[in-house]
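Notes follow the structure.
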Amino acid sequence: AEKTKAAGDELKERIFAVLEEDEFQTTPEIIKILGDETLSSQKVTARLTQLVNTGMVEKEDVKRPDPSNPEKNIKKVLREE
């Protein structure tokens, strides 16, 4: 259990480190920046939710074109200054 928690904390720190302060990013964009194709969007989204809940980042729902669903709302996050 400790190893799993430590891995989750490390992932959360890695995600926070790549967030931009001046523009929102989507989960797929964050995964691409991290360069780790083994990461699932569910894992990244879970860590982003933790960061939002702690107040370290903010989220905004926006309508943005998505190849599979043009009206899909995508969560984006922003590191607080």
Could you give me the CA-CA distance, side-chain angles and deciding distance for Leu39 and Ile30, then say whether side chain to side chain contact (heavy atoms under 4.5 Å, CB included) is met? CA-CA 10 Å; Leu39 286 178; Ile30 293 166; over 6 Å; no

Any Val52 side-chain heavy atom under 4.5 Å of Glu58 side chain: no

Under the 3.5 angstrom rule, does the side chain of Glu13 hit a backbone N or O of Glu10 as a donor-acceptor pair? no

Among residues at least two apart in sequence or on other chains, which ones pass side-chain contact (heavy atoms from CB on, under 4.5 Å) with Ile31? Thr27, Ser41, Val44

For Lys12, side-chain contact (heavy atoms from CB on, under 4.5 Å) partners two or more places apart: Asp9, Arg47, Gln50, Leu51

Output all residues satisfying side-chain hydrogen bond (donor to acceptor under 3.5 Å, both in side chains) with Thr54, sequence neighbours left out; order by chain, then residue number. none

CG (Leu11) and CZ (Phe16) are apart, to the nearest 0.5 Å, by 14.0 Å

Take Glu23 and Glu20 through the side chain to side chain contact (heavy atoms under 4.5 Å, CB included) test and state the conclusion after the steps. CA-CA 6 Å; Glu23 68 180 60; Glu20 297 289 332; 3.9 Å; yes

Nearest 0.5 Å please: distance from the OG1 atom of Thr45 over to the CD1 atom of Ile15. 8.5 Å

Going through the checks in order, is the side chain to side chain contact (heavy atoms under 4.5 Å, CB included) test met by Lys59 and Phe24? CA-CA 8 Å; Lys59 101 178 162 176; Phe24 286 97; 5.8 Å; no

